[in-house]
Amino acid sequence: MYLVNRLVIKIRLPNGRIIEGEKGKRILDVIGYNIGLVARYNCKLVDLSTIMDDEGEIEILDFNDADGKYVFWHTAAHILAHAVKELYPDYKLGIGHPTENGFFYEFYTFEKPFTSEDLSRIEEKMQEIISKNYPIKRIMLSRDKAIELFKNRGEDFKVELLNEMSEEEVSIYEQGSFRDLCRGPHLSSTSIVKHIKLLSVSSTYWKGIEGNPSMQRIYGVAFPEKKMLDDYLKMLEEAKKRDHRFLGPKLEIFDLFEEVAGPGLVYWLPKGALMRRLIEDFLVKIHLKNGYQLVYTPHIARIKLYEISGHIKYYKENMFMFDIENNKYAIKPMNCPGHILIYKSRKRSYKELPLRFFELGTVYRNEKSGVLHGSLRVRGFTQDDGHIFCTPEQLESEILNLIDLTTKIMNAFNFKFSAKLSIRDPMNKEKYMGNDEDWEKAEKALARALELRKIPYTVEEGEAAFYGPKIDIFMTDVLGRKWQLTTIQLDFNLPRRFKAMYVDKDNTEKYTVMIHRAIIGSIERFFGILIEHFGGDFPLWLAPTQAVVLPISESILDYARQIYRKLMDNDVRVELDDRPLTLNKRIRDAELKKIPYVLVVGEREKQSGKIAVRKRKEGNLGTMSIDDFIEIIKKSYPKIE
RNA sequence: GCCGCCGUAGCUCAGUGGUAGAGCACGGGCCUCGUAAGCCCGGGGUCGCGGGUUCAAAUCCCGCCGGCGGCUCCA
């Protein structure tokens, strides 16, 4: 059946079925009330109550779709705001959004905090709003009408937002007596948000600007099914067990001793110190193999150095300073100025570029107390810091090499990654230093390297530093919070400040191009991510203890000692557990300590000259010769290439 | 730094005005064991620190130190 003159509107349902739309009708009327949350109409997200009047395709999204989930949480945020306004009519609405794992809404509460009892009340009220099944309507108003509406309702913050908007017409969403300024889209009814849980309250400044009114922000989660909410809450509980702040001290990796030693300073316990050394050795070797030269720079310097670099001007707040014989000194917050001094130790020719310096450089920064977080954000940390000095022509191949080096290093830890490319704000080019041509070349070089190596990335306009564009790589912690590890930053600024030059072919002096780069970022932060990523079950090459020998009884101790000795002699990190405890108890201890292999030896093994091997989490693998076992350990180390 | 919450044994926590408790861990003894907790006994705390209220403070109030969740900032 072909109707040539009819509008063709195809609707794809979440289950993949395709049905036909009908001009003039609401999407909702065609698909029914129990299907989907929101629609993507010719690539644009719209309410299900949208009237179909354009030809094209409509995709109905459910909670499994990222956008569907986002809208679900957006409506949950509105229900939160609705509940708060019903319980506390005087409180003023701020803003509310979905987030990556839930939603929030913030309110001006006349400096009164929400208590946990308040949260329970609000949660109950939200359930009531959900059960009342209010239809959610989108209303278009002129901006002036909207200002009038919110002024009458005492919503000063909404009025402020409206006054800053340029649109002549704005959308308002309505559910029951509640109205909010919102672009939408939203679910079609409050009853679709089934199960909610408010998680925490915190305060923020209005628009995030210090000095603005203090808002109370409530965070929550919501799900269409009870089981999903239960699973999520259970996942939060499980996450606590992987938290590096819990596992770090427990696995004897690090501790902070905050109360006596001060916050944000990491003490490396023996097992952690061993792992750190393994990682440092790996990093040094792989950098040497990739054309870097090792350097060391002192931990303190006269502030003159940081006046030249500009750190005193732009970074003073974060620097620890003190006096020596009437001269002002600072503890180094960054390694770059030192590396530039080394570059400038003599006149450089284009023939010796690129020069690549590498240092495991320990720096100290006076981070505000409120931002410190386990070993992920600290005041003293060691960066795998490198600086590349090259000519503009070499930029592209240097960046490509850096992407490759990053991949090699991340592979050693089984880390997958995607990148963020930060470029200039094209509207505000004058904010940045350096000339247009350099910037374009640099931004292109960064993007091309990512594309050539097929690294997925996002582009962030206006996120570049004033001195150059950059590539950053983030990892998420156990609660989904993002932490920056890798950074590759181009710098047009420091070479000029320090007059870091090279003599080119034509015998003229030119400014060198400088790349700042840290691959794992900092050892402390990297360990936080590493611990949470593996939940303490480190890969074999990193495990501080790779195997423990368990003699079944005292009578077999001699054979156990022989095995232990042989493994030691072959560089296996092995322990002998000859405590007079039951075998089961000692196996349990080894599992809890997350030791990868347990080697049980008894009369049977002594007779055959072998070992019984038990693998962490997998159980008994049966017997094996000692040489075969040594081979397994040896093969676990990452290749350095 | 800001706002809220929190701080009891090495760890996880119970105890809300009347002389500090449990489990795990630790020490001792018995047990000599075949793939995740054998049994018994014991030591251990100026209840974060300082001040105040009270006949009496882990408990109530104030200040400080530290932690947690966010905001802002960052590797």
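In what follows, chains carry the letters A, B, and so on, assigned in the order in which the sequence lines appear, proteins first and then strands, with residues in each chain numbered from 1. Hydrogens, waters and symmetry mates are skipped; everything else that's a heavy atom, side chains included, is used.
A donor-acceptor contact under 3.5 Å is formed by the side chain of A/R525 with the base of B/rC74. Counting atom types as modelled, A/R377 pairs a side-chain N or O with a base atom of B/rC73 as donor and acceptor under 3.5 Å.
Pair assignment for B/rC26 gives B/rG42, based on Watson-Crick or G-U wobble hydrogen-bonding distances that are each under 3.5 Å. Nucleotide B/rA58 is matched to nothing when pairs are restricted to Watson-Crick or G-U wobble geometry with both distances under 3.5 angstrom. Under the Watson-Crick and G-U wobble criteria, each requiring two contacts below 3.5 Å, nucleotide B/rU53 is left unpaired. Across all strands shown, B/rU16 remains unpaired; no Watson-Crick or G-U wobble contact has both distances below 3.5 Å. Using the Watson-Crick or G-U wobble rule with both distances under 3.5 Å, B/rG34 pairs with nothing in any strand shown. The pairing partner recorded for B/rC47 is none, the criterion being a Watson-Crick or G-U wobble arrangement whose two distances lie under 3.5 angstrom. Base pairing annotation: B/rA9 forms no Watson-Crick or G-U wobble pair, as no partner gives both donor-acceptor distances under 3.5 Å.
Using atom P as the reference point in both B/rG48 and B/rC31, the two lie 43 Å apart (nearest Å). For the P atoms, the distance from B/rC71 to B/rC39 is 48 Å, rounded to whole Å. Look at the C1' atom in both B/rG7 and B/rU16: the space between them is 16 Å, to the nearest Å. Nucleotides B/rC47 and B/rG15, compared at atom C1', are 11 Å apart to the nearest Å. Comparing the C1' positions of B/rC41 and B/rG50 gives an interatomic distance of 40 Å, to the nearest angstrom. Distance check on atom P: B/rC13 versus B/rC74 gives 34 Å, rounded to whole Å. Going from the P atom of B/rU59 to that of B/rC24 covers 29 Å, rounded to whole Å. The gap from the P atom of B/rU46 to that of B/rA9 amounts to 10 Å, rounded to the nearest Å.
Checking side-chain atoms of A/T487 against main-chain N and O of A/A518 turns up no donor-acceptor pair under 3.5 Å.
Within the nucleic acid shown, A/Q484 comes within 4.0 Å of sugar-phosphate atoms alone, with no base atom in reach, counting heavy atoms only. Within the nucleic acid shown, A/F114 has no heavy atom closer than 4.0 Å to any nucleic acid atom. Here A/V378 lies in heavy-atom contact (under 4.0 Å) with a base. Note on A/S369: a base of the nucleic acid sits closer than 4.0 angstrom, heavy atoms only.
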Next on the checklist: What verdict does the ring pair (Phe, Tyr, Trp, His ring centres under 6.0 Å) test give for A/Y314 and A/F466, after you've listed the backbone C-alpha separation in whole Å, the side-chain angles of each residue and the deciding distance to 0.1 Å?
Outcome noted: CA-CA 12 Å; A/Y314 298 107; A/F466 75 91; 5.7 Å; yes
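For A/Q383, no side-chain nitrogen or oxygen approaches OP1 or OP2 of B/rA75 to under 4.0 Å. Listed pair A/H373 / B/rG70 fails the phosphate criterion, with no side-chain N or O lying under 4.0 Å from OP1 or OP2. When the side-chain nitrogen and oxygen atoms of A/K585 are compared with OP1 and OP2 of B/rA25, one or more of them lie within a distance under 4.0 Å. A sub-4.0 Å separation between OP1 or OP2 of B/rG4 and a side-chain N or O of A/S203 is absent.
The aromatic ring of A/Y219 does not stack onto the base of B/rG69, failing the criterion of a centre distance under 5.5 Å from the six-membered base ring together with planes under 30° apart.
Two rings, from A/Y105 and A/F103, have their centers 6.0 Å or more apart. With ring centers used as reference points, A/F526 lies under 6.0 Å from A/F415. In this structure, A/F257 has its ring center under 6.0 Å from that of A/Y267. Aromatic pair A/Y88/A/F107: centroids not less than 6.0 angstrom apart.
With respect to A/R517 and A/E398, no salt bridge is recorded, no charged nitrogen being found less than 4.0 Å from a carboxylate O. Salt bridge present: A/K241 and A/E238 bring a charged side-chain N and a carboxylate O closer than 4.0 Å. Salt bridge present: A/K271 and A/E575 bring a charged side-chain N and a carboxylate O closer than 4.0 Å.
Rounded to an integer number of Å, the gap from A/R217 CZ to B/rG70 C1' is 8 Å. Rounded to a whole Å, the CD1 atom of A/I95 is 14 Å from the C1' atom of B/rG70. Per the geometry, CG belonging to A/L550 stands 12 Å off P belonging to B/rA36, to the nearest Å. Atom-to-atom, NE2 of A/H311 to C1' of B/rA75 comes out at 13 Å; the value is rounded to the nearest Å. Protein atom CG of A/D243 is 14 Å distant from nucleotide atom P of B/rG67, rounded to whole Å. B/rG69 atom P lies 18 Å from atom CZ of A/F104, rounded to whole Å. In this entry the distance linking CD of A/E106 with C1' of B/rG70 reads 11 Å, nearest Å. Summarising the geometry, the separation between NZ on A/K250 and P on B/rC11 is reported as 13 Å, rounded to the nearest angstrom.
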Nucleotide N/O of nucleotides 33-35 of chain B paired with protein N/O under 3.5 Å:
residue: B/rC33; atom: N4; partner: A/P580; partner atom: O; Å: 3.4
residue: B/rG34; atom: O6; partner: A/E603; partner atom: N; Å: 3.0
residue: B/rG34; atom: O6; partner: A/R604; partner atom: N; Å: 3.2
residue: B/rG34; atom: N1; partner: A/E605; partner atom: OE1; Å: 3.0
residue: B/rG34; atom: N2; partner: A/E605; partner atom: OE1; Å: 3.2
residue: B/rG34; atom: N2; partner: A/E605; partner atom: OE2; Å: 2.5
residue: B/rG34; atom: N3; partner: A/R604; partner atom: NH2; Å: 3.3
residue: B/rU35; atom: O3'; partner: A/R614; partner atom: NH1; Å: 3.4
residue: B/rU35; atom: O2'; partner: A/R614; partner atom: NH1; Å: 2.9

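Of the candidates A/R379, A/H311, A/K368, A/E367, A/N318 forms a side chain to side chain contact (heavy atoms under 4.5 Å, CB included) with just one, namely A/E367. The only option from A/E359, A/E280, A/R276, A/R525 that meets the side-chain hydrogen bond (donor to acceptor under 3.5 Å, both in side chains) definition with A/T382 turns out to be A/R276.
Distance from the side chain of A/Q489 is smallest for B/rA75 among the nucleotides B/rG70, B/rC65, B/rA75. For A/E591, taking side-chain heavy atoms from C-beta onward, the closest of the listed nucleotides B/rA75, B/rA36, B/rG48 is B/rA36. Here the nucleotide nearest the side chain of A/R481, chosen from B/rG69, B/rC71, B/rG7, is B/rG69. Comparing atom distances between the A/R245 side chain and each of B/rC68, B/rG7, B/rA37 picks out B/rC68 as nearest. In this structure, of B/rC73, B/rG48, B/rC3, it is B/rC3 that holds the atom nearest to the side chain of A/Q216.
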